[in-house]
Amino acid sequence: MGWKVQVVDGGLPDMYNNSVVLDDQQVTLFWTLSETSISVAARGEKKSGYLAIGFGSEMVNSYAYVVGWTVMACIAPDNNEIFCSKIVNDAYPLWLVSVICEIWFAVSWLLDQFPKWYPINRETYLDRLAIRFDREGEPSQMAPIDVFVSTVDPLKEPMLTFESLSETAEFARKWVPFCRKHQIEPRAPEFYFAQNIDYLKDKIQPSFVKDRRAMKREYEEFKVRINALVAKAQKMPEEGWTMQDGTPWPGNNPRDHPGMIPVFLEHSGGLDTDGNELPRLVYVSREKRPGFQHHKKAGAMNALIRVSAVLTNGAYLLNVDCDHYFNNSKALKEAMCFMMDPAYGKKTCYVQFPQRFDGIDTHDRYANRNIVFFLLT
Ligand SMILES: O=c1ccn([C@@H]2O[C@H](COP(=O)(O)OP(=O)(O)O[C@H]3O[C@H](CO)[C@@H](O)[C@H](O)[C@H]3O)[C@@H](O)[C@H]2O)c(=O)[nH]1
Ligand SMILES: [Mn+2]
């Protein structure tokens, strides 16, 4: 990694070039692009040499170098030849804004560096957590967790309507025992079945192939039922939806409706096909009225806290967005290692999971591939 600054004596015939008049002289700019580097050079009429600057590929990608480069550009004297091709004296506000921005970027980059000086690594020991709170043959002492999933528009976002959740709960009765039996990861079926790996590798249970095939079929059928619900939901009748007893569905106007809290998988019946208890599932549609600020996701979370306080009152809350999935089914227990730690648990307010994104657009406009934040926290 690094700079290659060269003074070249002679022509640069193989490079792209473009001539412009800057101040009182003709200046030609040259550049070449290769897979791994960019070279730029400039030739002025009154200058006898070239200054060619090569950027290696790591260099181009390195945020630190970009910051260094821009800081240098900011503090370099006005009449320097590297950074200023033409000095405009009447654009002071523009200059000021860009300098402030660059300085802020540099400061924020610097702030990002401090935690790296004293990194703290923690390891979770799930076996020790189990010894303390989850012993074989005894009722679990693990603190209960309420999981909140919010959605604003179930047609644009993953289909999270009352009916699709009920289908999902039904599917979970078979999916969860299958995952437990064969240690399936990730537990999001769409991503599990899409994985392009040799699924027979390291699997020794002869029943696995049969179970997987059957489960895959179940999942395909589940998807067909969900797609049918999506198709149905897109074609709302003119008079709006009606309920089974013929009365209109109170949620027909998404911006003006009362609160609704149907509950599925209540105490009994919430068992998977192995007879293990499944989490209780509650669907909340909070009240919305025109003219009242509903505070988006934060408002949804507040409504869920109130419902959870009445229905389940879990000691801990886990929040996931409707488009999130776990890639490690032990994640909740790992978080609990921090929360229930005898020494640090009381000082720990929340645990933030690192986040990775699927389906990033090719230009990654939102810098979703940037994981610096999660490497630091
Ligand atoms: O009125 C609203 C608006 C949003 N949401 C939900 O809030 C979540 C996040 O919304 P979105 O605006 O799509 O956020 P993203 O930009 O996709 O996600 C970023 O912002 C989220 C909210 O802070 C974080 O949870 C994520 O980790 C982060 O990647 C989703 O489940 C939405 O359904 C609501 O429930 N009601
Ligand atoms: Mn999102």
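Just so you know, ligand 1 is whichever comes first in the structure, and atom 1 is the first atom listed for that ligand. Numbers here are sequence positions counted from 1. Computed from heavy atoms alone, side chains included, the values below leave out hydrogens, waters and symmetry copies.
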Colleague: Quick check on E238: does its CD atom have over 12 non-hydrogen neighbours (other residues, nucleotides or ligands) under 6.0 Å away?
Modeller: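 No, because the 6.0 Å sphere around CD of E238 holds 12 heavy atoms or fewer from other groups.
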Colleague: Could you name each residue pair satisfying salt bridge (charged side-chain N to carboxylate O under 4.0 Å, His left out) that touches residues 314-324, not counting sequence neighbours?
Modeller: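 Qualifying pairs: K297-D321.
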Colleague: Using a threshold of 4.0 angstrom between heavy atoms of the protein and any atom of ligand 1, which residues qualify?
Modeller: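 Residue list for ligand 1: S150, T151, V152, E157, H294, K296, K297, A300, D321, C322, H324, Q355, F357.
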Colleague: Examine the side chains of D211 and H182 and answer whether a donor and an acceptor come within less than 3.5 Å of each other.
Modeller: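 Their side chains do contain a donor-acceptor pair, which is all the 3.5 Å distance test asks for.
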Colleague: Looking at F292, is R289 sitting on its ring face, NZ or CZ under 6.0 Å from the six-membered ring centre and within 45 degrees of the normal?
Modeller: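 Geometry flag: not set, cation outside 6.0 Å or 45°.
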Colleague: Between Q113 and W109 (side chain of the first, backbone of the second, donor and acceptor by atom type, cut-off under 3.5 Å), is there such a pair?
Modeller: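 Pair found, side chain donor or acceptor close to backbone of W109.
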Colleague: By salt bridge (charged side-chain N to carboxylate O under 4.0 Å, His left out), which residues pair with R132, not counting sequence neighbours?
Modeller: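 Partners of R132 under the salt bridge (charged side-chain N to carboxylate O under 4.0 Å, His left out) test: none.
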Colleague: List-wise, which protein N, O or S atoms are found short of 2.8 Å from the Mn ion (ligand 2)?
Modeller: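 Hits for the Mn ion (ligand 2) below 2.8 Å: D323 OD2.
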Colleague: Does NZ or CZ of R225 fall inside the cone over F171's six-membered ring, less than 6.0 Å from its centre and within 45° of the axis?
Modeller: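 The answer is no; the distance or angle limit is not met.
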Colleague: If you round to the nearest 0.5 Å, how far is OH of Y219 from CD of E190?
Modeller: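 Spacing of CD (E190) from OH (Y219) equals 3.5 Å.
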Colleague: How long is the straight-line distance from CD of E163 back to OH of Y283, given to the nearest 0.5 Å?
Modeller: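 Atom-to-atom, Y283:OH and E163:CD are 9.5 Å apart.
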